[in-house]
Amino acid sequence: MAALGSRSSSVLSCQNVSVRFGAFQAVNNVSIDLAAGQTLALIGPNGAGKTTFINAVSGRVSLAAGRIRLGDADITNVPVHRRAAAGLGRSFQIINIFDQMTVLENLRLAAQSRAFGWQPCWRPVSAWPALERRAREVAAMVGLEAELDLPVTMLSHGKQRAVELGLALIPDPKVLLLDEPLAGIGHSEIEPTMELLQQVRKGRSVLLVEHNMDVVDRIADEIVVMVGGEVLLRDRPSAIWNSAEVRRLYLGSEVAGHA
Amino acid sequence: MSTFVIGLSIAMLLFLLSAGLTLIFGMLGIINFAHGAVYMLGAYVAYQVAATTHNFWLALCVTPLVLAVVGAIIERLVLRPIYDRPHEFQLLATFGLILVLEEAVRMIWGLQLRSIATPPGLSGSVHVFGTDISKYRLFVVVFGAAMVALLFFGIERTRLGLILRASSNNAGMAEMLGVEVGRVRTAIFALGTALAGIGGAIAGPMLPIQLQMGFSVILDCFIVIIIGGLGNIRGAVAGALLIGMTRAYGQQYAAEWIDIATYGVLVVTLLVRPQGLFGIRLRTA
Amino acid sequence: MRQVKHSEVLTVGVLVLLFAAAPFVTGDEGWLYLAALIMTWSIFALGYDISFGLTGLLSFGHAAFFGMGAYAASWAMLSAGLPFSVGIVAAIGAGGLSALVFGFVGRRVSGLYFSLMTLMLAELISIVMTTRLRHLSGGVDGLPGVPRPQAFGIDFFNAANFYWVIFALFCLTLAFCAVLKSSPLGQALRGVRQNAVRSEQVGFNVGALRLTALTLSGCLSGLAGALLASLMMYVSPQLLGWKMSGDVVIMTLLGGSGTPVGPVIGVTLVELLREGLSATTEHWYGLLGVIFILCTIYLPEGVAGLGRKLWRR
């Protein structure tokens, strides 16, 4: 798999990324490339640095060392909002949406950020058809047509997850970072969410952090295993499940049962 | 040398107040705008006791007790219902408290300037290193240093301190472990106001006692805790020393510029280290 | 939700009509002065609410924008002899500029640090103006004789005539705030208040948005300051003091922030309370404090929030 490391067709390329919190090395010298159209799952025990890595890529924490490239652009020192504008979308592990708005207002606001400045500033957002069209499109994609005018606080956890995902999808990002999109989702909602993820990953590159190995197995093209802030190995799902090292790591958990 | 001691004595006074302020913030998450008014009330109470009994030491002992009771009442009546609200409500409530406390003082003591006589034995000055140093200021420095030591010991080494820290880190968990968080909060607030009371009492013989004394000092305390980092007692010591010295030496060499210099220190700190000189970025949002 | 919107429009309409009717109902200068004072402070509170209610920036330094506006207008009219309209523009500019400076110094702090920082910066400006720039500010005595407009041969020193100038600017401010709230910018600011992290992540430049909001807020505060100076025909460094900042926060919160009605109701209530209480008891100041505390505990959404609840019923 060494050939993957330097492929120029990679959409997202992270080289030797390290993140430190004081004396604690959360992410240590991690290099991960994401090819166009690829879905890469990031797995590993709690505290392995997966979410910190996602935060580093999306710009929420600064790097101690390393470089990050998005397409042809070096985004290592680019602020969060410009990374987002450049086509890097993300969802959060803990639901992170505009909590005093309706579903439509949430999605419309996200759509607005990219169209900002085109329209006369005194016109209300509601009189801006392009925004609403895009918001409705994405709502249909994530299955929220029926809930458009409901305040988001009245939605079920699964539906709030859908809003979270919708916010990330609005600008149609090239690269999507999904941090545990199934966290806290009830058993009955897993299957529809899975299908949604399958649909969402079409035509874009996805970096997925997820603990549900069943989901990872069905969605991911490749898997990276992280332990203690470092990459342990990277391979196809079938190879990962058969790896002795990974089995040792997850002994007794879902992976062991999977093989 | 005498300027140095004056600076130290100002620093100790600022520390007593900032420590209460930062303790209340760190443990209760509340910025107590009325802290200056509490300090002023402390000075008046001390004045009353000293004027009635002609004993400063008695005033120094009684004032913190009275103020602790006042603090406990305030906590129960005003703060308890609004812990879970956003910060602005706590600011608003404590702002209202300033008006109430000032009115109370005006009703009881009027608008006249008051002062406490320097206790016998501490009046006059001593001759050290070729300069005259006010004995009372020396006492304030020693007393303040003792309070610093006591606070550190209390918070970091005793069971009480452990309970305090546990309750502030995770109120729910502390409650499960059998700590009565409500009472701990009352105690912390009372402790903070008692410290302000001590501050008011020891300020009595140094400064004129008047209605406005609370506000000017509370602004300095805000500077101290911003520089030291909100909720950080060690930072409060350093911040108090920095501001105390700026004030004392400023008064000596460029009296017209001291306020500007003090605030300048603050602006520079904010630009360079927004989390305070000693703060870890914990709770900025 | 629609009902709330209607009730809001209705309340604003009633308020505007009340202020418009005042000069016809009473010729009493004292009452007109009070009404003009309420409208002036309402402009200040509406401006404050752009920063606080809309964007979530709890500033304690708005007195600086207010006072600098008042001084800029006074300087323009008194020293440079420029007309009233230019003075107003200067005030808006000075308010906005001071807000911009505050926003820049505090660009990396948020939450309570931001509140304390704004308080300190405003205090710094107040001290500099009172002590160091005495020749410009008039020191503690202030500058008397701030003029009122002179145009079309109308005598604006007549209370009723100047009342209409303030009324017009008050209506403009209300309209501005209503438009801003539903505009794209207003929605973005709302997003920043509700969830800054998410706003950043969907591509908003949160820092720039906060700075914009604070600046707009400063512009309106400056306008209000100029009007107050002109209304009182006097300006002093007191306008820069922390009590001004405290007053505007209290008025906005008491009325209910986040709506165009709330701040106006808050200002009206506080000013009337002040008039009423000070006439009946000498301890009105403390009583005002008790009322604030009670309102904080029992009326978390302000008087406007209470009204909303009753309306829904």
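Chain letters run A, B, ... following the sequence lines, proteins first, then strands; residues in each count from 1.
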How long is the gap from [atom1] on [X] to [atom2] on [Y], to the nearest 0.5 Å?
X: Ile225(B); Y: Leu116(C); atom1: CD1; atom2: CG; value: 6.0 Å
X: Ile293(C); Y: Leu77(B); atom1: CD1; atom2: CG; value: 9.0 Å
X: Ile297(C); Y: Arg85(B); atom1: CD1; atom2: CZ; value: 8.0 Å

Using heavy-atom distances under 4.5 Å, tell me whether [X] contacts chain B through its side chain, its backbone, both, or neither.
X: Leu58(C); result: side chain
X: Phe114(C); result: neither
X: Leu121(C); result: side chain
X: Leu119(C); result: side chain

Which bit of [X] is near chain C, if near means a heavy-atom gap under 4.5 Å: side chain, backbone, both or neither?
X: Phe89(B); result: both
X: Leu266(B); result: side chain
X: Ile223(B); result: both
X: Ile260(B); result: both

Query - Phe215(B) vs Glu123(C) side-chain heavy atoms within contact, under 4.5 Å - result: yes
Query - Results of salt bridge (charged side-chain N to carboxylate O under 4.0 Å, His left out) for Glu103(B) - residues two or more places apart only - result: Arg106(B)
Query raised in the report: Do you know which of Leu92(B), Ile82(B), Leu101(B) has the most heavy-atom pairs under 4.5 Å to chain C?
Result: Leu92(B)
**Report entry** Over 12 non-hydrogen atoms of neighbours within 6.0 angstrom of CD in Gln238(C)
**Finding:** no
Requested in this report: Answer yes if the ring centres of Phe60(C) and Phe33(B) are under 6.0 angstrom apart, and no otherwise.
Outcome: yes
Query raised in the report: What is the minimum heavy-atom distance between Ile226(B) and Met120(C), and which atoms define it?
Result: CD1-CG, 4.5 Å
Report summary line: In Ile127(C), Ile125(C), Val128(C), the residue satisfying side-chain contact (heavy atoms from CB on, under 4.5 Å) with Tyr263(B) is Ile127(C)
